[in-house]
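Note that the structure is a prediction, hence the values are computed from the model and not measured. Throughout, residue positions are numbered sequentially from 1 according to the sequence presented. Just follow the structure's listing: the first ligand is 1, and inside any ligand the first atom is 1.
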Amino acid sequence: MQRFENAREAALALRPDEPVYCFRPEVLKADARSFMAMFPGRTAYAVKTNGEELVLKTLAEAGVDMFDVASPGEFAAVRAVSADAEMIYMHPVKAQSDIRLALEKYGIRVIAVDHEDEITKLMRVVRALDIDPGGLTVFVRIQTKGHAAYELSKKFGAGPAYAVELAQRLNRHGYKVGLCFHVGSQIEDPDTYERALASADWIRNRVGFEIAGLDVGGGFPAEYGHDPNSKKPQMPSIGQIMSRLRSDIEEYQFDTMPLVAEPGRVIVAKAFSLIVRVLLRKGRRLYINDGIWASLSDSWTGKITLPARFIPDPAIRTRNGNDKTIVPFKVCGATCDSVDILSRPFWLPETIDTGDWIEIGHIGAYSLSLRTRFNGFYPDTFVEVTTPFDEGEAPEGFASLETMAD
Ligand SMILES: *Cc1c(COP(=O)(O)O)cnc(C)c1O
């Protein structure tokens, strides 16, 4: 992979017409290690956030030894980079053949359920393979009410009374039983975790046996951009969210048992930026060579303002306007689909024109993993970049260079 100091160098050297992912392995390692240092339990990276081989490999090098997986493709991706990393299979709704593959071929011994039929599937496989249920930890996924940018908590999870019933059933069959939740993604209110802990506490107090562990899921927020003309939204740093979570965990006395977290976004967001090219400027619209069917669908669903840095093409000799005047541009994606328009503008100098490049920062989460081949566009070019996105010149569409460190 070609290496550059920053995205501007890469853009000017390659003059790419296709989107280029700028991978920052050192940033990925630092963010993984910083999460592991902050969380008082084990860290299982959520593979769906970005399951690229280079990401999983770099995480394994950084010391991540547990991965949250959901499918045969993810089992294989983790095994391909590490022979001994532990996998936890936290998808509550699974094909029975996938459960069998997980247990038999990949030696997975941690699994999540939120329904009695999932227990039935699991028991069939456990019997067929003659596994001692006591060697498995089954996490009952509990329902939570989140206020995340992405509300994932409605789709899965057992209500509190039903969770008690499932836990007791598993316990009777000899499984070790844990409790887990996943409150959504990009959680900006620490109360969300507290409400989930309160719910887990209610269940724990009613099951009538010792639970084997608590998995608090993912959802930890990454930093993005915001409209530079309005007040910077108040958002707690990951350090603040984590210290609240730690004290809530102690308050509910979950600190006495094994803990797991499944971060995705917070670990991988800053590890990638993306160089895109302006295919056409039409007034205050920019047509770029990426979009919601490629790397940018997460920002579309989550209504996220992405930090954008202008990389002017030096070949453009005359420009209109003032390069200090930052204005919002509506961003249209590469496909012919009329919904392929970003839900938030990019803030860029009014001088930007057809042929210029834009570096989109903090794009490592739910970007590459959500690419489609729709309309024949599939960005797949990578370079390595050594300078963190935040340490370069100020990105125009970011307006916030405060770090999230506490
Ligand atoms: C998606 C997912 C995660 C990761 O969520 P982030 O918001 O990226 O941290 C963790 N756990 C489960 C069960 C998930 O589905």
Which of parallel (below 30°), tilted (30 to 60°) and perpendicular (above 60°) describes Trp293 and Trp300?
-> tilted

Is it true that Lys57 and Glu53 have a side-chain N and a carboxylate O under 4.0 angstrom from each other?
-> no

Residue-ligand contact Thr49/ligand 1, heavy atom below 4.0 Å = yes

Is ligand 1 less than 4.0 angstrom away from at least one heavy atom of Arg141?
-> yes

Going by the 4.0 angstrom heavy-atom rule, the piece of Asp68 near ligand 1 is side chain

In ligand 1, which numbered atoms sit nearer than 4.0 Å to a non-hydrogen atom of Glu262?
-> 3 (C), 4 (C), 9 (O), 10 (C), 11 (N), 12 (C), 13 (C)

Among Gln186, Arg265, His182, which one has a heavy atom closest to atom 5 (O) of ligand 1?
-> His182

Which word best sums up how the rings of His173 and Tyr175 line up, parallel for under 30°, tilted for 30 to 60°, or perpendicular for over 60°?
-> perpendicular

Could you tell me whether Asp255 and Arg246 have a side-chain N and a carboxylate O separated by less than 4.0 Å?
-> no

Using the ring of each side chain (for Trp, its six-membered ring), is Tyr193 parallel, tilted or perpendicular to Phe181, with breaks at 30° and 60°?
-> tilted

With a cut-off of 4.0 Å, which atoms of ligand 1 are near a heavy atom of Ala46?
-> 3 (C), 4 (C), 10 (C)

What are the atoms of ligand 1, with element, lying closer than 4.0 Å to any heavy atom of Tyr366?
-> 1 (C), 4 (C), 5 (O), 6 (P), 8 (O)

Can you find a non-hydrogen atom of Ala365 under 4.0 Å from ligand 1?
-> no

List every atom of ligand 1 that sits less than 4.0 Å from any heavy atom of Ser185, numbering the atoms from 1 in the order shown and giving each element.
-> 6 (P), 7 (O), 8 (O)

Going from NZ on Lys29 to CZ on Arg24, what distance comes out if it is rounded to the nearest 0.5 angstrom?
-> 15.5 Å

Backbone of Cys180 reached by a side-chain donor or acceptor of Asp215 within 3.5 Å | no

Proximity to ligand 1 by part of Lys48, non-hydrogen separation under 4.0 Å = side chain

